Amino acid sequence: MPRLSADRRTEVRFTLNGRPVAGLAEPRLLLSDFLRHVVGATGTHVGCEHGVCGACTVRIDGGLARSCLTLAVQVEGCTVETVEGLAPGPARLSVLQEAFRRHHALQCGFCTAGILMSLDTLLRDEPAADKARIEEVLGGHLCRCTGYGPIVSAALDAAERLSEDPGAGDAPEERDGDV
Amino acid sequence: MSAAEPAPSQTSAKPGHLGRSLPRFEDAALLTGRGRFLDDLPVGPATLQAAILRSPHAHARIVKLDVSAARALPGVAAVLTSAEVQALSAPLVVGVKAPMTCWPIATDRVRYVGEPVAVVVAADRYLAEDALEAIAIDYAPLPAVVDPERALAAEAPVLHEGLGGNLASDRSFRYGDPEAAFETAAHRIGITVRYPRNAVTPIETYGMVCEWDPGEDGYEVTANFQGPFSIHAVIARSLKVPGNRLRLKTPRDSGGSFGVKQGMFPVIVLMALAARLAGRPVKWIEDRLEHLTASVSATNRVVTLAAAVEADGKITALDWDQLEDVGAHLRAPEPATLYRMHGNLTGAYDIRNLAVRNRVVVTNKTPTGLNRGFGGPQVYFALERLVQKIAVTLGLDPVAVIRRNLIPAGAFPYRTASGGLYDSGDYQKALETALRDGGHAALVEKRDRVRAAGGLYGIGFATVVEPSVSNMGYVSTVMTAAERAKAGPKNGAQATATVALDPVGGVSVHVASVPQGQGHRTVLAQTVADSLGLEPAQIRVVAELDTARDAWSIASGNYASRFAAAVAGTAHLAAEQLKAKLARLAAAQLNVPAEALVFEGGRVCAADTPDNAIPFARLAATAHWAPGTIPEAAGQALRETVYWTPPQLTAPTPDDQVNSSLCHGFILDICGVAVERASGRVVIDRYVTMHDCGRVLHPGMVEGQIVGGFANAVGAALYEEYAYGPDGAFLAGSFADYLVPTVAEVPRPEILHVETPSPFTPLGAKGVGEGNCMSTPVAIANAVADALGVEDVILPLTPARVRALLDEPEPPAPAGTAPAAPPKRAGGRALAGTGSAGFAAPPQRIWDTLLDPATLEAIVPGCHKVEKLSETRFLAEVTLGVGPVKGRYSVEVALSDLVEPASVTLTASASGALGTGAGQGHVRLAATPEGGTRLDYDYEADVGGKVAAVGGRLLDGAARLVIGQFFAALGRQAGGGTKGGGATDGGATDGAGAAGPWTGLLGRLLRLLGIGS
Amino acid sequence: MKPARFDYQRAESAAEACEALAELGGDARVLAGGQSLVPMLNMRLAQPRLLVDISRIEALQKIERSGGRLLVGAGARQAALLSHDGLAEAAPLLAAALPWVGHAQTRARGTVCGSLAHADPSAELPTCLLALQGAVRLRSSRRHRELPAEAFLAGLMSTAREDDELVEAAAFPLRRAGEGQAFREFGRRHGDFAIVGAAAVVSAQRIRLAVGGVADRPMARDWPALEGSALDDALNAFAWELGARDDLHASARLRRDLVRALGREAIEEARRCRA
């Protein structure tokens, strides 16, 4: 492809949570910034911009990626999934999200988006993931509020439900709360 | 304890929603990416983005600051420097009356790494950072002081000349008769501890949008600030506007704070001024490197604590000497970290005699502020290490010493020697329950078993009184009684809550609590629902704060674990007040006495004739639709705002007694650790934490607070440190250097509870969020001390430290092996090395080459030009780096002690966008029998700025690489090249390929740098 | 923390990438997984003029066995290697070491060759390449060449790659019959850079131990089948020869201790695996 000039914005197009999006980006624009500030998908959060904290984790073509270590121009034509795409419907939560709520696996909720992406990917690939696998994947995230234990419990709970009924990606209809 | 299934609290005053682990109302939005954090909020199209130029030096004079090139860049709207700041604002109020001036930006000099020097405002953050690189700035480095004890020395560099030294405050206190107690005691047992620097570093950094309205001469700020809102007054004063011209708003969601987001207020001043200068709104999102380097830190503290102890372990007096290091400026509300624990300096123990000396010192480090545990970790680390030492010294079981000294169960409310009023507790019950249910006996058996097998295992305890709901007057204890009398009394802890009814009977709650993840909205909905007989989901809670519209006071905000005890209680009072009015209204309509009415199931009915009822919504709407029908006694029944302050929080007394906090929870931790002998790794094998936090309002959230604080404390105990080099270089600038624990490092603690409700709070609750940050670091330290049989344990207990404590002899280096690199000297420079190089050319030739500026240009790695300033001083522009990391630096080299052609001293300093360096090298030349030269050298250097903050791991290697490049080039230039593989540096010597790799690599590098052929 | 400006070129082929490298030399950097390079860009520690993105060149993404070696293309992600069929049997050292490379999230993007080219002295994959006596294939518009690990790994974040060269593939010898392999690592936290990483390859007649995290690059020693105190002495000599230094995360002493301890553990486990 032709070389993109440092100071020129070019159009970047990709599929975000099943819908086409497009926007202008300089080569240096990070995917995290593109998602949040160009296309307005602010669910993905930025915590360190050097790939350690994991808050910005998204899925690119089915695989996990730190969006702060990815350039927007790199995802041209790709399929990108973020936390906004996890729930099966506007008033519903996924099995994993519901388990997070049940187990108080989030407090401030800032790191949660990235953690959900990682664990959702794990449970997609390995619905019967055990504690060791969950902790291995969760190890790529920093959370300052929860001490991690409730997150592990939530993931184990979700794994149990998903391995019992692999078709049940979604939690039942909300009963309470302001979803 | 599992939070998964809602379970009624054992001690609920009445059955209701409070005391149950309801799913949180906050969660659905947060789980689906619909949070409203600061950086998620929409901003106007005129909004600009800011970036801050920060000092790479710990201490330096600013010689030149030229921002003209930055201002001229496309997209740059304004550059703010100290000139504009000083013209448009006033210095920040300093916490004690001390002759020191604190601006939010460096004026004539910088005093810590990361101190703001200029602010660029541009169309986007990328452009703003581009412009930072265009700012020309020269510093003249000054000696720095980072150690609080050294800062007190007469010869120490002085940060603030007005102080005449670095001591900002020195107060002594005396309660009871400590001298007599020490005189008559069987033993005086003391300990000195040094508590390190750390902070809980929320994953969301500081963020703000600031705007100036010239028509009103007012500022509007939206920031993820956490309070206390006493800081609002500090900001307004600095911006030189009345309080009503500073509108401060917080977003709905905040990504953690743990106290840290109090520390952003100096930047609020800067960004407000930048917005004024630019004439447009300015947004600033702090990045992680900035946050770790220069946001705020907990204090580091040196404590010498002695106890007067009877033979049976009874402590009769304590003598505290605390030296508090607040960093480069004494920023509001400091020295609060030092005084927050003043009322509970005797911990959980009944000790009537107390002597205290509190000193506050400034050093060349980031200024300190709020941080989870606030003062507790420092105090309890000393106190509980001492209690263990007393047990070891007297040959007693630590449990026996604790038991012997605990405040008796019947003594509450208990007034401590220094004036604290402990509200409630049964420490004996908590202790015995913890020992029994926490499996203490089995733990002791395990320790015996492991030790018998040759392993290292230890048990540690920590007994902590967890204060919550701070008395806004406690920090005034730093002033003398006479000064306090002159300044006027300060006290109390105003909490506010509003419960309002809308025209269709909906209930809203407004509080000034500024949550950062603690689930305030859920607990408040539970509280108010219980009062009004509604479902929590029917209650809408607004917890974001707007100082222009909401009820607030200086104590508003989310700190000092005040939510459950103060804010939820105040909401309860407001709801009950509204309920009383509604009851009078209903009484008139239902024709029964108000006292005979019950609110339940969404109805208000007579207690004995439930059919005589009115729907709550209908009743609640009355005041909107038919105010004329309301009986006069009911008054308006639309909106109730309650301001609540506890009467127990009085101002410090003339004899310096202060009840620094309203509530005092109790914690007893038992920790079992195994230490891996080979690696020095500490493994937490078992952790039991017993809590009495009064009435539990939401068990799931209480557990969340405990395990979250515990995880933070594990970090403080074993992993995290805001480390500084001896020159003040900051060394922990990334999450690869500042090691926040991951799931693999945090075990699950076993949580136990006893409940003694607080008689001082409306709901009987006490704070619970900070306790483990106070108890866990010292419990782990005590366990490690027990495992190793040592006294002097320093946090964080890194493998290297623990391995050193094991004090095992090392197998010696075999003969012929290169000597080990010299260990770092305390207070010495960060990098040091020695080495030698061989050259084919004779010494005179090498000497001439070294001293010839024309050839220096070719020798200095990556050199662009060399300018000769004098016969012995040179200025060079060089590009240095390893791998992809490259930066351009100005290097000044001075030659001294010249003995031709035998020896010379080179003194160099370098500065560039990536960092700074300063060092000295000694070079000695000797002729070899073959007519060549042997060159020996040694060097010491400091490296600062970004490369030190994020690249410390690689600096030694990088220094050796650059030196290797230099000598290889020297050899080439002098003719004949280097001999015997070029430079060696006491570093890796690869016997397998002695001559090959270095020369090959160097040749390649030289070509890369454009030096070689 | 936003990168300085750079041009960007998504290469369609290795040849195109090499042309770009030839044009800009040291001012160009290859972008594959980006897990090491992009943090440096964000911190502005690195400010190249051009990034050459090779991540979509299909020909470079292959992982294949050929001539007794496992060839890992420049675009192959660490996660792809970890899930390569039969890796545990064919290259047990890689199977053991890869889980220590960063985290699942970074392995999903980070490439094997990128880690080798970055040459961090603490990184696991260079240590493994050296232990296995593997090689790196370099390609430029001028030539193709292959360098053994010793020659390629030249120093601190420095390799023998010329500026116009692309690391095209890494070649890891497959486990030979009768050979045992094991990996040990000690870091402050799991996923951190190693304080010491030790990779052992053991056959009936010899021991080869590579150690990362101590010197400015991984270093290896070959010994006959030493036992007992003779092995202790050899490990001790190696530990001292590495010239360990103090830094923020560990002392020189701890590093030597770990070389001795982990070196022995790795060798002993490799011996057990030989069976």
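Chain identifiers are assigned alphabetically (A, B, ...) following the order of the sequence lines, protein sequences preceding nucleic acid strands; residue numbering begins at 1 within each chain. Model, not experiment: these values are computed from the prediction.
A:His45 places no side-chain N or O within donor-acceptor distance of the main-chain N or O of B:Glu204, the cut-off being under 3.5 Å. Listed for the A:Gln97 side chain is a donor-acceptor partner under 3.5 Å among the backbone atoms of B:Leu31. Side chain of B:Arg24 to backbone of A:His104: no donor-acceptor contact under 3.5 angstrom is found.
Within the 4.5 angstrom heavy-atom criterion, only side-chain atoms of A:Leu116, from C-beta onward, approach chain B. Contacts of B:Leu127 with chain A are made by both backbone and side-chain atoms, with heavy-atom separations under 4.5 Å. Contact annotation for B:Phe710: neither backbone nor side-chain heavy atoms come within less than 4.5 Å of a heavy atom of chain A. Interface remark: B:Ser254 contributes backbone atoms only to the contact with chain A (heavy atom separation under 4.5 Å). Proximity to chain A (any heavy atom under 4.5 Å) is restricted, for B:Gln516, to the backbone atoms N, CA, C and O. Heavy-atom distances place the backbone of A:Thr146, and not its side chain, under 4.5 Å from chain B.
Heavy-atom pairs under 4.5 Å with chain A peak, among B:Ala744, B:Gly35, B:Pro536, B:Pro741, at B:Pro741. Chain A forms more heavy-atom pairs under 4.5 Å with one residue of B:Asp287, B:Asp253, B:Thr201 than with any other, namely B:Thr201. For the options B:Val200, B:Thr205, B:Val746, B:Asp124, heavy-atom pairs under 4.5 Å to chain A are most numerous at B:Val200. For the set B:Thr742, B:Val743, B:Val707, the count of heavy-atom pairs under 4.5 angstrom toward chain A peaks at B:Val743.
Defined by atom type and a distance below 3.5 Å, a donor-acceptor pair is present between the side-chain atoms of A:His37 and B:Asp39.
The pair A:Glu49-B:Arg125 does not count as a salt bridge, with every side-chain nitrogen at least 4.0 angstrom from each carboxylate oxygen.
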